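We name chains A, B, ... by the order of the sequence lines, and we start the count at 1 in each one. No experiment lies behind these values; they were computed from the predicted model shown.
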Amino acid sequence: MAMIMNKCTSVTLTRKLSHPCCFSSDLFSLTANIRPLYPSTAKSFEFPALLLTFLNRYSVSPFHLNNANVHFTFDFNSFYVSFIDNSTHKTHLNQIHAHLLASGLQDCGFLITKLINVSCNLGEIRYACKVFDEFPDPDVFLWNAIIRGYSMHNMFGDVIEMYSRMQMAGVSPDCFTFSYVLKACSGLLALEMGWRAHGQILRHGFELDVFVQNSLVAMYAKCSQIRHARMVFDGLYDRTIVTWTSIISGYAQNGEPIEALRIFSQMRQSNVKPDWIALVSVLRAYTDVEDLEQGKSVHGYVIKMGLEYEPDLLISLTAMYAKCGQVTVARFFFNQMKLPNLILWNAMISGYAKNGYAEEAVGLFREMIGKNISVDSITVRAAILACAQVGSLELARWMDDYIMRSECRDDVFVNTALIDMYAKCGSLDFARIIFDRTLQKDVVVWSAMIVGYGLHGQGREAIDLYHAMKQAGVCPNDVTFVGLLMACNHSGLVEEGWELFHRMKDYDIEPRHQHYACVVDLLGRAGCLSQAYDFIMNMPIEPGVSVWGALLSACKIYRHVTLGEYAAEQLFSLDPYNTGHYVQLSNLYASVRLWDCVAKVRVLMKEKGLSKDLGYSLIEVNGKLQAFRVGDKSHPRYKEISVELERLEKRLKEAGFVPHTDSVFHDLNYEETEEILCNHSERLAIAYGLISTPPGTTLRIIKNLRACVNCHSATKFISKLVNRKIVVRDANRFHHFKDGVCSCGDYW
DNA sequence: GTAGGGTTAG
């Protein structure tokens with residue numbers, strides 16, 4: 001065997017190999033000959049395997065080796081490339097690096113570039129940096145390699161820093177550099193930087209590069225500049241699936257799912273076939289608009305394309321089903337997943353929470369914690385939303401306690417959700433504690449607290465907070481005013497509410513349906529029904545369900561049948577399948593004893609296949625929620641409850657309580673009516689609360705419907721008779737009963 | 001060696 005050194009970059013090997021069977025041992029001897037040249041590397045690598053790869057590259061088969069004198073050039077660069085490519089650890093790279101330096105190859109930039117790329121692939125970004133810094137005069141490839149390393153590890157700040165160092169070093173960027181830089185701008189939401197990069201791209205003449213173009217579209221979309229993204233997109237002649245996906249997801253991310261879907265159909269017309277990432281974006285848009293049918297058809301397409309095993313696409317499908325209310329289907333997918341990732345957990349939990357499956361949401365959240373799966377602020381927010389729905393203060397306390405010990409404790413979004421949760425679970429005091437300890441309160445934090453006060457009918461506190469908010473230099477928004485107007489309504493501050501409504505224009509806030517509905521409610525509460533009607537007629541926007549609903553409520557309170565009928569007509573045409581409107585009208589008729597009309601409404605409902613929602617009340621005792629339905633006798637302690645109920649009834653009568661009979665749905669005779677009223681679920685819950693808690697304990701009740709006049713009146717009496725605070729959350733708001741009065745001032 | 005995706009939403 002002969003070995004001729006050809007300077008430092010290659011050797012030529014000539015060898016006559018004797019026998020077919022000896023191939024591996026021949027390789028071994030070959031190795032043995034090379035080894036002294038490279039003592040350090042030879043020790044650490046699977047040298048023969050590498051050499052075999054190498055021989056293949058030069059089309060030297062074992063056959064050749066066995067039958068002829070083999071004569072080939074051993075190229076050192078390729079040799080190093082093989083070594084670098086096959087490295088699996090930093091120590092390998094370090095040896096090669098040392099060897100390169102020792103062989104005088106340190107100037108061979110492309111090998112160092114390779115070394116840096118592989119280091120970065122192995123996650124050794126610090127090491128890559130060290131190698132980079134030791135290289136005397138890096139070219140654009142080397143700069144790109146180190147920038148790529150930072151980019152692939154989402155270290156976008158470092159990408160930008162290296163980019164500016166590169167510019168200072170006087171090295172011109174290329175298309176690759178700009179792809180990385182734009183991606184970093186997207187990641188950092190650094191629009192200013194993105195603008196500058198765009199300018200430089202034009203100056204360098206890279207605006208026609210498809211990668212650069214796609215990166216620009218994505219950057220503008222991520223930085224909420226969807227119009228600019230669109231301008232770039234519209235200017236493109238060649239659009240790849242990546243371009244289309246960027247603009248589609250851009251619209252979806254910027255809250256314009258309809259436009260996203262419009263562009264998707266354009267894409268289909270251009271005969272561009274979607275891949276799984278494109279479908280993920282499309283699914284997101286259908287998820288946002290909660291279009292189950294279209295979502296399902298995407299699912300069909302996924303199956304047709306054979307993409308149903310793409311894990312991340314399955315996650316999007318699960319999220320779509322969960323958000324569109326198909327939680328059982330979603331759960332099926334969820335269960336199929338071997339190792340659900342955080343996004344999937346979040347999609348499932350928020351799907352449950354959003355669709356009223358609060359128990360399931362909380363259960364899944366507990367499961368995550370039990371399994372030590374790390375959660376993020378999105379998980380926590382979905383769980384908080386579920387707790388707010390459940391309405392259990394005990395559960396709310398548990399959630400709060402968990403968050404205090406987690407990394408989310410200073411997250412503004414999480415704290416806002418906590419304020420909302422406590423308010424909805426009946427405790428403004430705890431809501432206020434969260435509010436007070438939230439640093440850097442933004443307008444939404446202030447608004448959440450104001451809405452909380454509104455929910456509980458504490459109008460004065462809401463208005464005080466509004467002034468404090470302005471004092472703190474925070475500008476109110478439309479939600480703030482919804483909270484304020486609601487607060488005024490719920491506590492009878494008619495003048496103040498009217499005044500606040502007119503302050504909205506000082507902040508350039510266009511009133512929306514909710515604001516108008518609040519004003520109608522305010523006027524209605526004051527008994528100014530014709531003013532309320534005029535106000536509606538002069539609205540600059542078409543009055544919607546909430547506005548007519550407010551008018552109908554007021555008509556019911558003041559027994560104004562003709563106006564009430566008019567409002568109901570509007571409601572029936574806008575929202576024909578909402579049972580509540582029919583019940584309201586029926587109650588209005590009942591209040592003036594127009595039993596024929598009550599019957600007519602009942603027939604109307606029957607024709608439309610509607611039935612009155614079953615009322616139920618929940619009461620929390622020792623952290624457990626107990627449900628009571630109207631006339632429910634299934635409770636294990638029903639006997640005791642009914643004894644207590646009778647006792648209460650007797651005491652109520654003695655105290656001079658006269659049942660109101662006009663709020664019932666049926667035109668029954670007096671005795672029957674009274675009995676049904678007595679069994680109203682709220683009363684059952686109170687009776688149970690009284691027998692299962694020590695004297696003086698506040699009773700907390702949650703109802704699914706609005707409070708009825710009779711129960712409301714009775715609960716006022718009871719609060720005085722038994723000397724208890726009773727907090728009732730109905731479908732609309734909170735009632736705090738104490739000493740015979742309710743915080744709502746008898747208007748709700 | 002470059003570009004595109006998902007979970008929340010007061």
* Inter- and intrachain pairs under side chain to side chain donor-acceptor pair (under 3.5 Å), touching residues 275-285 of chain A, at least two apart -> R284(A)-D288(A)

Please output the side-chain donor-acceptor pairs of residues 417-428 of chain A that fall under 3.5 Å, not counting sequence neighbours, one pair per line with the distance.
unit_1  : atom_1 : unit_2  : atom_2 : d
D420(A) : OD1    : K424(A) : NZ     : 3.2
D420(A) : OD2    : K424(A) : NZ     : 3.2
Y422(A) : OH     : R397(A) : NH1    : 3.1
Y422(A) : OH     : D400(A) : OD2    : 2.8
S427(A) : OG     : F430(A) : N      : 3.2

Atom pairs and distances, donor-acceptor, side-chain atoms in residues 304-314 of chain A, under 3.5 Å, two or more places apart:
none

* Anything under 30° is parallel, anything over 60° is perpendicular, the rest tilted; go ahead and classify F481(A) against Y507(A). => tilted

* **Spacing of F132(A) atom CZ relative to dG1(B) atom P, expressed in whole Å** => 19 Å

* Yes or no on salt bridge (charged side-chain N to carboxylate O under 4.0 Å, His left out) for E259(A) and R230(A), after CA distance, side-chain angles and deciding distance? -> CA-CA 11 Å; E259(A) 186 60 14; R230(A) 183 58 178 265; 3.0 Å; yes

* Asked: Quick one: I384(A) CD1 to dT7(B) P, roughly how many Å, whole number?
  -> 19 Å

* Asked: Is any side-chain N or O of T245(A) under 3.5 Å from a base N or O of dG4(B), one able to act as donor and the other as acceptor?
  -> yes

* Asked: So which of residues 255-280 of chain A are in contact with DNA chain B, with a heavy-atom cut-off of under 4.0 Å?
  -> D275(A), W276(A), I277(A), V280(A)

* Using only heavy-atom distances, decide whether a donor-acceptor pair under 3.5 angstrom links the side-chain of D312(A) to the base of dG5(B). => yes

* To do: Mind listing the residues from residues 339-353 of chain A sitting with a heavy atom below 4.0 Å of DNA chain B? Number order is fine.
  => N341(A), I343(A), N346(A), S350(A)

* Asked: Pick from F135(A), F132(A), Y163(A): which one makes a ring pair (Phe, Tyr, Trp, His ring centres under 6.0 Å) with W143(A)?
  -> F132(A)

* Asked: Among dG4(B), dG10(B), dG1(B), which nucleotide sits nearest the side chain of V242(A)?
  -> dG4(B)

* Structure fact -> Residue pairs passing the ring pair (Phe, Tyr, Trp, His ring centres under 6.0 Å) test with at least one member in residues 237-262 of chain A, sequence neighbours excluded, are F233(A)-W244(A)

* Asked: Can you tell which of dG4(B), dG10(B), dT7(B) lies closest to the side chain of S249(A)?
  -> dG4(B)

* Asked: If we require ring centres under 5.5 Å and near-parallel planes under 30°, does F141(A) stack on dG1(B)?
  -> no

* To do: Might you work through the salt bridge (charged side-chain N to carboxylate O under 4.0 Å, His left out) test for K354(A) and E290(A), ending with a clear yes or no?
  => CA-CA 12 Å; K354(A) 196 183 169 60; E290(A) 293 176 29; 3.7 Å; yes

* Structure fact -> Testing dA3(B), dT7(B), dG6(B) for proximity to the side chain of T240(A), the answer is dA3(B)

* Looking for any heavy atom pair under 4.0 Å, which part of the strands does K183(A) touch: base, sugar-phosphate only, or nothing? -> sugar-phosphate

* Mind calculating the distance between CG (L313(A)) and C1' (dG4(B)) to the nearest angstrom? => 14 Å

* Asked: Is K424(A) touching bases, backbone alone, or none of the nucleic acid, heavy atoms closer than 4.0 Å?
  -> nothing

* Looking at the side chain of I315(A), which of dG5(B), dG6(B), dG10(B) is the nearest nucleotide? -> dG6(B)

* Asked: Rounded to whole angstrom units, what separation is found between the CG atom of N415(A) and the C1' atom of dG10(B)?
  -> 12 Å

* **Donor-acceptor pair (no angle test) under 3.5 Å: S316(A) side chain, dG6(B) base** => no

